[in-house]
Structures are given as structure tokens and as C-alpha cells.
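Protein chains get the first letters and strands the later ones, always in sequence-line order, with residue 1 at the start of each. Quick caveat, the model's predicted, so the values are computed rather than measured.
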Protein chains: 2
Amino acid sequence: MKTIGKLAKELNISIETIRFYERQGLIEQPLKPESGYRMYGDALTSQLKFILNAKALGFTLKEIESLMSLSDSCADIESMGLQKLNLIRNKIADLQRLEKVIQDMTDSCKANQDPQSCPVINSLK
Amino acid sequence: MKTIGKLAKELNISIETIRFYERQGLIEQPLKPESGYRMYGDALTSQLKFILNAKALGFTLKEIESLMSLSDSCADIESMGLQKLNLIRNKIADLQRLEKVIQDMTDSCKANQDPQSCPVINSLK
DNA sequence: ATTGACCCCGTACTTATGTACGGAGTTTAT
DNA sequence: ATAAACTCCGTACATAAGTACGGGGTCAAT
């Protein structure tokens with residue numbers, strides 16, 4: 001059993017963040033003995049780790065809430081994963097298009113002889 | 001000279017968005033004759049188009065403000081472009097890592113025989 | 001037993017990019 | 001000339017994911 005401060009340090013997040021997740025309903029408020037202090041055991045600790053892991057994968061808190069409520073139904077998880085995969089691939093494609101546009105932009109700057117007029121700015125106009 | 005409503009329709013944005021850009025200092029408040037109505041000419045129209053084009057390239061409003069203040073200095077524009085390019089490439093790399101992780105995730109779901117226990121959920125735990 | 005570190009709660013603030021609302025004045029069309 | 005449509009302004013609200021603050025109670029060490 002550890003206090004919120006220890007837990008926060010262990011997980012490398014802030015106390016406020018833990019309280020925030022609690023307010024958001026992602027985790028339960030732990031038992032609070034006489035002192036009124038939250039005391040965290042292994043269950044909540046690993047729930048929080050779960051949240052942090054999922055967050056690192058790019059899931060939003062809302063999605064994580066769904067993930068946690070899906071109770072191990074593999075098909076549901078797979079379908080969420082596939083959805084996410086779609087989003088990710090679209091985002092990558094968007095960024096690659098963008099990359100090309102900006103690459104061309106800077107190339108045309110490099111090639112430009114007249115320092116008074118920028119082809120990029122001109123093309124945006 | 002057109003009113004804000006016409007301009008908004010022409011650019012396919014909302015009146016509020018135009019007023020918002022004005023509040024943010026991205027564009028000047030246009031002259032307002034007796035009526036008190038904003039009247040937009042070509043200059044402001046193309047400034048707004050510039051903003052929308054740059055936004056479509058993924059620049060933030062803050063960056064666009066800089067872009068507009070750089071007064072055609074090609075070197076400055078090029079350097080902003082290169083910076084942006086870096087960001088974009090990092091973001092793409094991140095997303096590609098993520099793509100792989102989630103791909104593996106859903107693969108392991110597909111391969112899973114026991115519908116009662118999901119390897120993804122288990123690995124997050 | 002006192003001091004410093006820790007925790008409580010509720011609330012407000014942050015960033016970015018707008019959107020929505022409401023009451024009032026203006027312009028346009030019939 | 002009256003109604004509908006448009007615009008004005010300031011303010012509040014929205015999202016996501018927290019961060020910060022302030023006044024108070026509690027715990028641990030000296």
C-alpha cells in the first residue's frame with residue numbers, strides 16, 4: 001500500500017494526473033483509511049500502468065475507458081485495433097503528402113536566386 | 001467590397017472564424033462604413049486565402065502569423081519549412097512505430113484461440 | 001512538540017482553434 | 001413599411017489532457 005505521492009513517483013506522472021483519471025472515471029477512488037489519504041495497492045497500480053501503456057500506444061483516454069470495459073473480448077479489442085490502424089495509416093499518408101509539399105517548398109527556396117521574393121510566399125498568395 | 005457573410009461563404013469558413021482571426025491579430029479589422037459592417041476588398045480576401053492555404057499545409061495560426069510577418073525573406077521561409085519538415089518526419093516515424101505495434105496487436109488477436117482471454121489486454125496489464 | 005513534507009478538496013487556468021448565444025442595430029426584398 | 005436576413009459586440013462554451021492554486025488537515029522525523 002502506497003500513498004498517491006509514492007505511486008505518482010513510481011509511475012512518473014503527477015499526483016494531479018492520478019486524481020484527474022479518478023475524476024474522469026478511469027480508475028476508482030481507492031480506500032481511504034482514517035487519515036483520509038488514498039492508499040494504493042497492486043490492483044490500482046497495474047490499472048494505472050495499463051492506462052499509461054495504452055496511452056503510449058496513442059489511445060485517447062476515452063478509448064482506454066472502452067478498452068478497460070471490454071473485459072477481454074478479443075474480437076472487440078481486435079476491432080478497435082483495426083480501427084486505430086486505419087486512422088494511423090491515414091494520418092501517415094496525410095503527413096507524407098505534407099512532407100512532399102514542404103520539401104518542394106524548401107527546394108524551391110534553395111533554388112531561388114532573388115532574395116527579395118520568395119516562391120513559397122508567392123505560391124501561397 | 002463584400003460583407004463578412006459573402007466572404008465567409010466564398011472561402012467556405014464561418015463568419016465567426018473570420019472574426020476570430022481578426023481578434024488573434026492575423027488580419028486587420030477592415031474599414032467599417034456608416035453601417036458599422038465590415039467590408040472586405042481583395043487585399044483582405046487574399047490574406048485570408050493565404051492563411052487558409054498555409055493552414056492546409058499544417059502550419060499553426062501562430063506559425064502563419066510569423067510567415068506573414070517574414071516579408072518574403074526566402075531564407076527565413078526556407079528555415080521554417082525545414083523545421084516543419086523535421087517535425088513531420090518525426091511524427092511519421094512515431095506513427096509508423098505505432099502502426100507496427102498495433103498491427104502486431106491485432107495479429108495476435110487473430111491468432112488467438114481462447115476467446116475468453118485477449119493477448120493484447122494481457123500484454124497491457 | 002514542532003517543523004517540513006505530504007495529502008485533502010474544489011476550482012480555475014492552460015493551449016489551440018474555433019463555435020455558440022443573445023440582444024441590438026442595419027439592410028434588403030416584397 | 002414591414003419582415004427576413006444580415007451584422008454588430010462581448011462573452012461563454014467546446015475539446016483533450018492535464019496543471020496550478022489556496023487554505024486546510026496529517027504524518028514522520030528530530
Open item on the list: Working to the nearest 0.5 angstrom, can you tell me the gap between B/M68 CE and B/Q47 CD?
Closed with: 5.5 Å
Task: Value in whole Å for how far the P atom of C/dA16 lies from CD1 of B/I51 - done: 16 Å
Open item on the list: Let's see if you can work this out: which of D/dC8, C/dT17, C/dC6 has an atom nearest to the side-chain heavy atoms of B/T60?
Closed with: C/dT17
- [ ] Look at A/Q29 and C/dC9 and indicate whether a side-chain polar atom (N or O) is within less than 4.0 Å of OP1 or OP2.
- [x] yes
- [ ] Looking at every strand, decide which applies to A/R38 at a 4.0 Å heavy-atom threshold: base, sugar-phosphate, or nothing.
- [x] sugar-phosphate
Open item on the list: Any base atoms under 4.0 Å from A/K55, or only sugar-phosphate, or nothing? Heavy atoms, all strands.
Closed with: sugar-phosphate
Open item on the list: Tell me whether B/D94 is salt-bridged to B/R97, with the criterion being a basic N under 4.0 Å from an acidic carboxylate O.
Closed with: yes
- [ ] Could you check if a side-chain atom of B/R38 sits within less than 4.5 angstrom of a side-chain atom of B/R19, using non-hydrogen atoms only?
- [x] yes
- [ ] With DNA chain C as reference, determine whether A/E16 or B/L61 sits nearer its 5' end, using the nearest nucleotide of each.
- [x] A/E16
Open item on the list: Classify B/E22 by what it touches in the nucleic acid, base, sugar-phosphate, or nothing, heavy-atom distance under 4.0 Å.
Closed with: nothing
Open item on the list: Rounded to whole Å, how long is the line connecting atom CD1 of B/I4 with atom P of C/dT27?
Closed with: 16 Å
Task: Value in whole Å for how far the C1' atom of C/dC6 lies from CE of A/M39 - done: 12 Å
- [ ] Take atom CD1 of A/I13 and atom C1' of D/dA17, then tell me their distance rounded to the nearest Å.
- [x] 12 Å
Task: A/R23 or B/R19, whichever maps to the more 5' nucleotide of DNA chain D - done: B/R19
Open item on the list: Between A/Y37 and D/dG25, is there a contact of a side-chain N or O with OP1 or OP2 at under 4.0 Å?
Closed with: no
TODO: Rounded off to whole Å, could you give me the CZ-to-C1' distance for the A/F59 and D/dA17 pair?
DONE: 17 Å
TODO: Between C/dG18, D/dC6, C/dC6, spot the one nearest the side chain of B/F20, thanks.
DONE: C/dG18
Task: Between CD1 on residue A/I77 and SG on residue B/C109, distance to nearest 0.5 Å - done: 6.5 Å
- [ ] Measure the distance from CE on A/M1 to C1' on D/dC27 and round it to the nearest whole Å.
- [x] 18 Å
- [ ] For C/dT19, take OP1 and OP2 only and decide whether either is under 4.0 Å from a side-chain N or O of B/S14.
- [x] yes
- [ ] Quick one: label B/E63 by what it contacts on the DNA or RNA (base, sugar-phosphate, nothing), any heavy atom closer than 4.0 Å.
- [x] nothing
Open item on the list: Of the options C/dC7, D/dA16, D/dT7, whose atoms approach the side-chain atoms of A/K62 most closely?
Closed with: D/dA16
TODO: Select one nucleotide: of C/dC7, C/dT19, D/dT26, the one nearest the side-chain heavy atoms of A/I15.
DONE: C/dC7
- [ ] Compare side-chain N and O positions of A/T17 against OP1 and OP2 of D/dG18 and report whether any pair is under 4.0 Å apart.
- [x] no
Task: Phosphate OP1/OP2 of C/dC7 contacted by A/T3 side-chain N/O (<4.0 Å) - done: yes
Open item on the list: If you define the side chain from C-beta out and look only at heavy atoms, does anything of A/E65 sit under 4.5 Å from A/L61?
Closed with: no
